[in-house]
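Each ligand, and each atom within it, is numbered from 1 in the order the structure gives. Only this structure's heavy atoms are used, side chains among them; waters, hydrogens and symmetry mates stay out.
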Amino acid sequence: MSWTKEDLHRLIKTKLADRLFIVVSNREPYIHISSGDEIQCVVPVSGLTVALDPVMRACGGVWVAHGSGDADRRVVDEKNRVMVPPDEPSYSLRRIWLTREEEDGYYLGFSNEALWPLCHLAYAPPIFYEADWNTYKKVNQLFADAVLDEIGDRQAFVFIQDYHLALLSRLIKAQNPQVTTAQFWHIPWANPEVFRICPWGEELVDGLLGNDLLGFHIGYHCDNFLNTVNLLIEARIDYERSAVIRNDKTTLIRPFPISVDFDQISRDAASEDIKQEMERIRQTWKLNDKIVGVSVDRVDYTKGIPNRLLALDKFLAKYPEYQRRVVLLQLAEPSRTHIRKYKELNLEIDDLVEEINWKYQSGDWKPIIYIREHCSPPGILAFYRLAHFCIVSSLHDGMNLVTKEFISSRVDEDGVLILSRFTGAARELTEALFINPYATDDFAETIRKAIEMPKRQRQARMRKLRHTVEQNNIYKWAGNVISELTNLGL
Ligand code: F6P
């Protein structure tokens, strides 16, 4: 039996009793934007929010996050709160406002120009500016103030997300030591040799050790974290319990492979609306007699998008019989576009798409359909369902939830997943076809294998993949985090 929303709800009710449940993240789960005279509510393309929203729907409570939409202020109450999701209000979203300078230093700067490249082995050098670090500290304090305000004199369990908020647990506990905190790090943790170039590495590690529980996607990242602690600060490491003891305070370090709401995605993907959307996409892009590959990414240099395009190029050159027959639909969500590295990546991808399409196009066929825009979740499901194969070619990724969304959507038990070995997901999704995204020739060969795989084999693999994701869904993930905490005697 797999975990359900109701199981998680029951667990929260019994284990957390009347404690307030607070999730904190930089990215908000719903963004309000102006669209003419109207206000539109948009769901961001973010693994984190996709994963946590169903948990919050099941548990209720408060989600504290940066209000980044241009109409966000227009919909909140005097405490900066709005009930979400709009169609089924089940929890409260408390928004934090940041100035342009704060957003620059904390989000674009320290979080995404320093920590992001530091933690992902994608050969992008981190940039460390002291001013950004100071803004990062300041914004972590702003988040702490909002969380403390929400808690008041109640008992609370605060579940902190990701690398934007490494100092938060200590700042909360400095004011209210009764609060229990857990933090989940959604990206990889690099090995100590890599991590130690960070000028504020000790403060970051110490900040994270303010938590009672610290989670990573896989055991390997936990080991890297423990080894970093060992190298950087004074602390006792209990390798047997996978715990760090510093100044008499214990932090448990645990792997929790994150997931998605398998049942909900499967239901949505089977709906009549999605079938109609699939038909619309087929007609728009003339896909009826084509072999369709799909990729869905934020445009980020960790995702290996150029590597994937080069592999497709190699494949078409080596197997010309597939020219005019294969189409790669690349959905690309613009991301962090104010950062130079991302601007450069966008140009590189545009060039490659243009070059490859120019090289092979014939009649009204071109091999790459590049769609750079925000795509709504139901729209994405239709793309997944159309695909003969889905490519995830990250150079390094904590987990990668596109993999699990693709699998959950395949209610027809068909479709092949081509998956980078360097994702956290590769540990669980063993029926995928694995690639090293840097090894272009092998990658091209794997595209051929995916296309030529007999239907029976495709279905057998997809059935197993679906079983894995169904059994290890997002409710199990959240349940495991909460159970681990309550075992500590919460
Ligand atoms: O993978 C790290 C992460 O923060 C995710 O949790 C999220 O899916 C993604 O990056 C989105 O990034 P941003 O919030 O910068 O758009």
- [ ] Show which atoms of ligand 1 fall inside a sub-4.0 Å distance from at least one heavy-atom site of Ile187.
- [x]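 Within the 4.0 Å cut-off of Ile187, ligand 1 contributes 1 (O), 2 (C).
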Open item on the list: Can you name the atoms of ligand 1, numbered from 1 with element, that are less than 4.0 Å from a heavy atom of Arg298?
Closed with: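 Here the atoms of ligand 1 in question are 9 (C), 10 (O), 11 (C), 12 (O).
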- [ ] Determine whether the side chain, the backbone, both or neither of Asp162 has a heavy atom under 4.0 Å from any heavy atom of ligand 1.
- [x]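 The answer is the side chain of Asp162.
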TODO: For Leu231 and Phe195, run side-chain contact (heavy atoms from CB on, under 4.5 Å): C-alpha distance rounded to whole Å, both residues' side-chain angles, the deciding distance at 0.1 Å, then the answer.
DONE: CA-CA 10 Å; Leu231 184 79; Phe195 191 81; over 6 Å; no
TODO: Between Trp185, Phe184, Tyr107, Tyr163, flag the one that comes closest to atom 13 (P) of ligand 1 by a heavy atom.
DONE: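 Selected option, by shortest heavy-atom distance: Tyr107.
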Shortest protein contact, [atom] (heavy atom only):
{"atom": "atom 8 (O) of ligand 1", "answer": "Gly47 N, 2.6 Å"}
{"atom": "atom 7 (C) of ligand 1", "answer": "Ser46 OG, 3.5 Å"}
{"atom": "atom 16 (O) of ligand 1", "answer": "Arg27 NH2, 3.1 Å"}

Task: Distance-only side-chain donor-acceptor flag, Gln264 / Asp268, under 3.5 Å - done: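 Yes, a side-chain donor-acceptor pair sits under 3.5 Å.
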Task: Aromatic centroids of Tyr30 and His32 separated by under 6.0 Å - done: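 No, the ring centres sit 6.0 Å or more apart.
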Open item on the list: Does this structure show an ion pair linking Asp350 with Arg372, if we count only N-O contacts that are shorter than 4.0 Å?
Closed with: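 Yes, this pair counts.
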Task: Check: Arg336 N/O within less than 3.5 Å of ligand 1 N/O - done: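 Yes, there is a polar N/O contact under 3.5 Å.
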Task: Contact check, side chains of Ser393 and Ile418, non-hydrogen atoms, under 4.5 Å - done: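 Side chain of Ser393 against side chain of Ile418, heavy atoms only: no contact under 4.5 Å found.
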Open item on the list: Below 30° counts as parallel, above 60° as perpendicular, anything between as tilted: where do the rings of Phe406 and Tyr384 land?
Closed with: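 Judged by the thresholds at 30° and 60°, the geometry between Phe406 and Tyr384 is perpendicular.
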